There are 2 protein chains.
Amino acid sequence: MTDELLRALADPMRTRIVELLAGEQLCVCHLVAETGATSSNLSNHLRLLRSVGAVEAEPAGRYTYYRLRPEVLDAVSAHYAALASRSRLASAVKRPCA
Amino acid sequence: MTDELLRALADPMRTRIVELLAGEQLCVCHLVAETGATSSNLSNHLRLLRSVGAVEAEPAGRYTYYRLRPEVLDAVSAHYAALASRSRLASAVKRPCA
DNA sequence: GCATCTGATCAGCCGGTGCTGACATCATCG
DNA sequence: CGATGATGTCAGCACCGGCTGATCAGATGC
């Protein structure tokens, strides 16, 4: 659960990419068509998503298919679930101030 | 599941705040002591976290206690869990490129 | 009332980060 | 091989967003 992973997933364009990839595997040209962004722009975002392990690339001839890595998304989900769980217990504790 | 909520939670300092609040309710002076940040800096972060509904403030005399809102964290967790679930099915689908 | 303390707000600065445009690379096809 | 098209890389610019410092509003205590 690195901080960089959360930051990578929180960007609007990358959120959009992740949602598109959650439906089916796509190559960059599909993402260009769906988002309207330039290919170099998308390539930069995809490199970042790869670097944090959120997606993986599969070269197929001159195309490159991208897919999500479910384990990573599960880890993020579990992270927030744990925070939610702990914070319910925390409602009973209030550290004295003075 | 607004995009602003994810961005708010993805910032390093705010991640730290959320983790501290997951353990117990704290007032700003505690957060100052724990993080080493200035009070105005923290106040800015807390205002943002309030605006996206991640935390709520309870004035108590001249102090202000903050606590997390578990439902919101659960919603974020569910959001990523849903993406993980969908992406597992998506591994079987690959949109043709040409 | 006056001093003090907590916390909020705002303007301004500044660094990180996303977008663009040009170029490089590699595969495919004629 | 030469052309085309898909993708990646990088430098440069612009803008968003976090940090700071000054100021202010309430609450507390002398």
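Worth saying up front: this structure is predicted, and the values here are computed from it rather than measured. As a basis for the values below, the full set of heavy atoms in this structure was taken, side chains included, without hydrogen atoms, waters or symmetry mates.
- In terms of phosphate contacts, B/His45 brings no side-chain nitrogen or oxygen within less than 4.0 Å of OP1 or OP2 of D/dG17.
- Using modelled atom types, one side-chain atom of B/Thr15 and one backbone atom of B/Leu9 make a donor-acceptor pair closer than 3.5 Å.
- Side-chain atoms of A/Val28 lie closest to D/dG8 of the nucleotides D/dG8, D/dT20, D/dT9.
- With hydrogens and angles ignored, the 3.5 Å screen pairs no side-chain donor or acceptor of B/Arg86 with any backbone N or O of A/Ala22.
- Within the nucleic acid shown, A/Ser43 comes within 4.0 Å of at least one base atom, counting heavy atoms only.
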Considering only distance and modelled atom types, tabulate donor-acceptor pairs under 3.5 Å from the side chains of residues 56-63 of chain B, sequence neighbours left out.
{"residue": "B/Glu56", "atom": "OE2", "partner": "B/Arg67", "partner atom": "NE", "Å": "2.9"}
{"residue": "B/Glu58", "atom": "OE1", "partner": "A/Lys94", "partner atom": "NZ", "Å": "3.4"}
{"residue": "B/Glu58", "atom": "OE1", "partner": "B/Arg67", "partner atom": "NH1", "Å": "3.0"}

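- Among the protein residues, B/Cys97 comes within range of no part of the nucleic acid, since none of its heavy atoms lies under 4.0 Å from any strand.
- Contact check of residues 8-15 of chain B against DNA chain D (heavy atom, cut-off under 4.0 Å) returns B/Asp11, B/Arg14.
- In this structure, the helix from C/dG1-D/dC30 to C/dG30-D/dC1 shows an angle of 20° between the axis at its start and the axis at its end, each fitted on 5 base pairs and rounded to 10°.
- B/Met1 is connected to A/Leu6 through a chain of hydrophobic side-chain contacts under 4.5 Å among Ile, Leu, Val, Met, Phe, Trp and Tyr, so both are in one cluster.
- Rounded to an integer number of Å, the gap from CZ of B/Arg47 to C1' of D/dC19 is 13 Å.
- From the 5' end on, the contacts that DNA chain C makes with chain B at under 4.0 Å to a non-hydrogen atom open and close at C/dC5 to C/dC10.
- Taking 4.5 Å as the limit, every side-chain heavy atom of A/Thr2 sits out of range of all side-chain heavy atoms of A/Arg7.
- Note: CD (B/Glu4) to P (D/dG18) measures 12 Å, nearest angstrom.
- Each of B/Leu46 and A/Arg7 was assigned the nucleotide of DNA chain C with the nearest heavy atom; the assignment lying further toward the 5' end belongs to B/Leu46.
- Within 4.0 Å of B/Tyr65, counting heavy atoms only, lies no atom of the nucleic acid at all.
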Distance-only donor-acceptor hits, side chain of residues 46-55 of chain A, under 3.5 Å, sequence neighbours excluded:
{"residue": "A/Arg47", "atom": "NH2", "partner": "A/Asn44", "partner atom": "OD1", "Å": "2.9"}
{"residue": "A/Ser51", "atom": "OG", "partner": "A/Leu48", "partner atom": "O", "Å": "2.7"}

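- Within 6.0 Å of CD in A/Glu34 there are more than 12 heavy atoms belonging to other residues, nucleotides or ligands.
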(request) For nucleotides 25-30 of chain D, just jot down a letter per nucleotide in 5' to 3' order: B, S or -, based on protein non-hydrogen atoms under 4.0 Å. (result) --SS--
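- Residues B/His30 and B/Tyr65 are in side-chain contact: their nearest non-hydrogen atoms beyond the backbone lie under 4.5 Å apart.
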